[in-house]
Structures are given as structure tokens and as C-alpha cells.
Amino acid sequence: GQNIDQPTEMTATEGAIVQINCTYQTSGFNGLFWYQQHAGEAPTFLSYNVLDGLEEKGRFSSFLSRSKGYSYLLLKELQMKDSASYLCAVCGLLNAGNNRKLIWGLGTSLAVNP
Amino acid sequence: EAQVTQNPRYLITVTGKKLTVTCSQNMNHEYMSWYRQDPGLGLRQIYYSMNVEVTDKGDVPEGYKVSRKEKRNFPLILESPSPNQTSLYFCASSLGFSFKNIQYFGAGTRLSVL
């Protein structure tokens, strides 16, 4: 089957750095996404990786290793407003044809404490 | 402003009373999708549409209907709602469904079926 694993909860301190891991097993691979979702709100796009390596965007960076089926989201200089759920999603294959499917992890709930 | 608009935001109804949740996007996106989100189960896709008059089942389609008569609109219909359909619902759209298909989400509809 296809599945994505990420930790359920994490806690960090304001100003610190936190790394949220995501491992995946999917049929096919067409990119990995990270979304941020504040409680009761809609998910919003953070980053996209399709090639191995690090993508940096301000305080947020995302890393991908396709051979290991592994990604992480790195958040630097944590702020209270970063308290949210972080969703990892992989674009895999729906079936034996070329139809693609977005597979979602359950999300990692990050609490940033003062 | 580019956006996905869902209505209503909150809805309380009773078992068996037909309801429709509307979704509209103003970005000329081809791909639209409905998700439900439940604690511990994450985002689960209900139905999706690759273009006008093209719809298909997602992972949890039972009890739901959709239609895509116009590119911008993708309503979700519950013909006979039941309490197990109490959930947070999100509509999402993307330009297509290929590489880097960033999904833009509506604000969500919180549905309670009594």
C-alpha cells in the first residue's frame, strides 16, 4: 500500500530550530509537498521538492532524499505563530496507468512555547 | 484576489435532510477536489474533477455526490446526511494535476449532522 509517516506531535521553544520528518512509501513519485494548517483553518502551501536536496525559503527549508523515501521540513527562528499542524503529501500514482494521486500524511502538530 | 470560496462555513442539520456545500474558484483551475478532515484520520479525498463534466471517486465517496457543470464551480451534495458525515470539509483547486500541482484550499465548512 501507499503510506506516509510523520510524528504526531512535537514541541519546541520560541527562537529555536525544529525538524519535522516525513517518510513515505508510494507507487511512483512526482513530488513531495509540505503544507501548514493552523487549527480550524485551511492548509496552505509551504514547499515542494521533486529533486534530491534542500530547498530554502526564508525561515523554512525542505529536504528530500528519493532513494530513502525521506523528507524533512526545517523551521528556523521559531515564532509563536508557527504553532500549527504540518502536513506532508506525496504525489504518487493512482493506479497502473499514469493517473496521479496526492497521498497525505496525518500531520505533525507543532507547539511553540515561549 | 485569487481564492477558493466555500459556503456555508458552518452548518448544523438533521439526518436525512439534503444539503449542498458550494465551492467556487476564480483562478481558472482545471482540477478541483473535495476532502473531509477528521481527528486522527487526516485529509481524505471524497471526489475530484479533472475538468468540466469529468469527475471521479476519491477514497471516501460513499454518501456524497458532486457535479462539475462549469469550470469554476464544484458543489458537494449530501442527499441523505448521516451523523458519520459530521466533519470539517475542504474544497481545493489546482491548475492541473501534474508536477508541482499546488492545491489552494477553501476556508472549510464545519458540518454537524444530528
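Chain A is the first sequence line, chain B the second, and so forth, proteins listed ahead of strands; every chain is numbered from 1.
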Legend entry - Ring centres under 6.0 angstrom apart (Y72(A), F63(A)): yes
Inset, instruction - Measure L87(A) against the heavy atoms of chain B and call it side chain, backbone, both or neither at under 4.5 Å. - result: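 The side chain, not the backbone.
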Legend entry - Carboxylate-amine/guanidinium proximity below 4.0 Å for R44(B) and D59(B):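 Salt bridge absent between R44(B) and D59(B).
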Legend entry - salt_bridge(K65(B), E79(B)) N-O dist < 4.0 Å: yes
Legend entry - Engaged part of Y35(B) at the chain A interface, taking heavy atoms whose separation is under 4.5 Å: side chain
Inset, instruction - Examine whether an atom of Q103(B) lies under 4.5 Å from a heavy atom of chain A, and if so say whether it belongs to the side chain, the backbone or both; otherwise answer neither. - result: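 Q103(B) touches chain A through backbone and side-chain heavy atoms alike.
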Inset, instruction - Applying ring-ring contact (aromatic ring centres under 6.0 Å, His included) between W104(A) and each of F33(A), W34(A), Y35(A), report the one that passes. - result: Y35(A)
Legend entry - Crowding at CD, Q19(A) (>12 non-hydrogen neighbours, <6.0 Å):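 Counting neighbours around CD of Q19(A), more than 12 heavy atoms of other residues, nucleotides or ligands fall under 6.0 Å, so yes.
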Legend entry - Exceeds 12 heavy-atom contacts within 6.0 angstrom, atom NZ of K57(A): yes
Legend entry - Heavy-atom pair with the smallest gap, counting every atom of S49(B) and N51(B):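 That would be OG-O, 2.9 Å.
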Legend entry - Sorted by number, residues from residues 6-18 of chain A in contact with chain B (heavy atoms, under 4.5 Å): none
